[in-house]
Amino acid sequence: MAFGGALEPGKADMITRGLTRRGVLTVLGAWAMAPLSRASAEQAPGADLRFGVITVDTSPLARKGLSAAATAAIHEQLALALAQVFADRMAPRQSPATLVARIDSFSLASYAGDDVGAFGGPTDTDYLEGAGLVVSGGRVLSTTPILSALAASYSGAWYLPDIDARRIASITHHFAYWLRREMGL
């Protein structure tokens, strides 16, 4: 291209042909995808989405060797958190959609203190990772991945006997809250 935006001789024809081919391919692609786009738009969850059932799947944790007690605690606390966070989205008799909260990994830091990392953040972080899946008619309509991270000290005094239960309750509620937010509900 020459200074000032003028095209070099012979380039204009080549660019026009390229745009025409691209335009034709774009139109053909849009025409071919139109039925799929309409079907996806009809099935995609939206702001009016309601759930008939909410379930928790912690089987990935069990397969990874997490203890049965820890898996059960996460399952129970997450089910409670989801019921609270999505209470206004429940329509058991009206909606065939199911929200499945699948938990893929879980980690509690071994120390809940004031340890500071290299960049000033805490090094004692609890994690809960998974996804929210909207399922209807045996098909997954949407998947929303979530990685929850909370400082271990968020749940209070580390020396109290129920600290692990409080940390699990905190991280599962955090997961449920962010799942709803990321789903746009």
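Because the structure is a prediction, the values reported are computed rather than measured.
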Nearest heavy atoms of [X] and [Y], plus distance in Å:
X	Y	answer
D88	R180	OD1-NH1, 2.6 Å
A131	T143	CB-CG2, 4.0 Å
S136	L141	CB-CD1, 3.8 Å

State whether the side chain of [X] and the backbone N or O of [Y] hold a donor-acceptor pair below 3.5 Å, judged by distance alone.
X	Y	value
R167	S155	no
R89	L185	no
R102	S59	no
T144	M183	no
T172	I168	yes

Say whether [X] and [Y] are linked into one hydrophobic cluster, either directly or through other cluster members, by side-chain heavy-atom distances under 4.5 angstrom.
X	Y	answer
L108	I103	yes
V85	Y154	yes
L160	W158	yes
M90	L49	yes
V53	V100	no

Give every donor-acceptor pair under 3.5 Å between a side-chain atom in residues 64-80 and any protein atom, sequence neighbours left out.
unit_1 : atom_1 : unit_2 : atom_2 : d
K64    : NZ     : D104   : O      : 2.6
S67    : OG     : A70    : N      : 3.1
T71    : OG1    : S67    : O      : 2.9
H75    : NE2    : V56    : O      : 3.1

Open item on the list: Evaluate S105 against E129 for side chain to side chain donor-acceptor pair (under 3.5 Å), listing each step before the verdict.
Closed with: CA-CA 5 Å; S105 65; E129 183 177 12; 3.2 Å; yes

To the nearest 0.5 Å, what is the distance between [atom1] ([X]) and [atom2] ([Y])?
X	Y	atom1	atom2	value
W178	I146	CH2	CD1	8.5 Å
D126	L150	CG	CG	7.0 Å
D164	R166	CG	CZ	9.0 Å
E182	Y177	CD	OH	10.0 Å

Are the side chains of [X] and [Y] in touch, meaning some heavy atoms are under 4.5 Å apart?
X	Y	answer
L82	L179	yes
F106	Y127	no
T98	T55	yes

Residues at least two apart in sequence or cross-chain that pass salt bridge (charged side-chain N to carboxylate O under 4.0 Å, His left out) with D57, listed by chain then number, are none

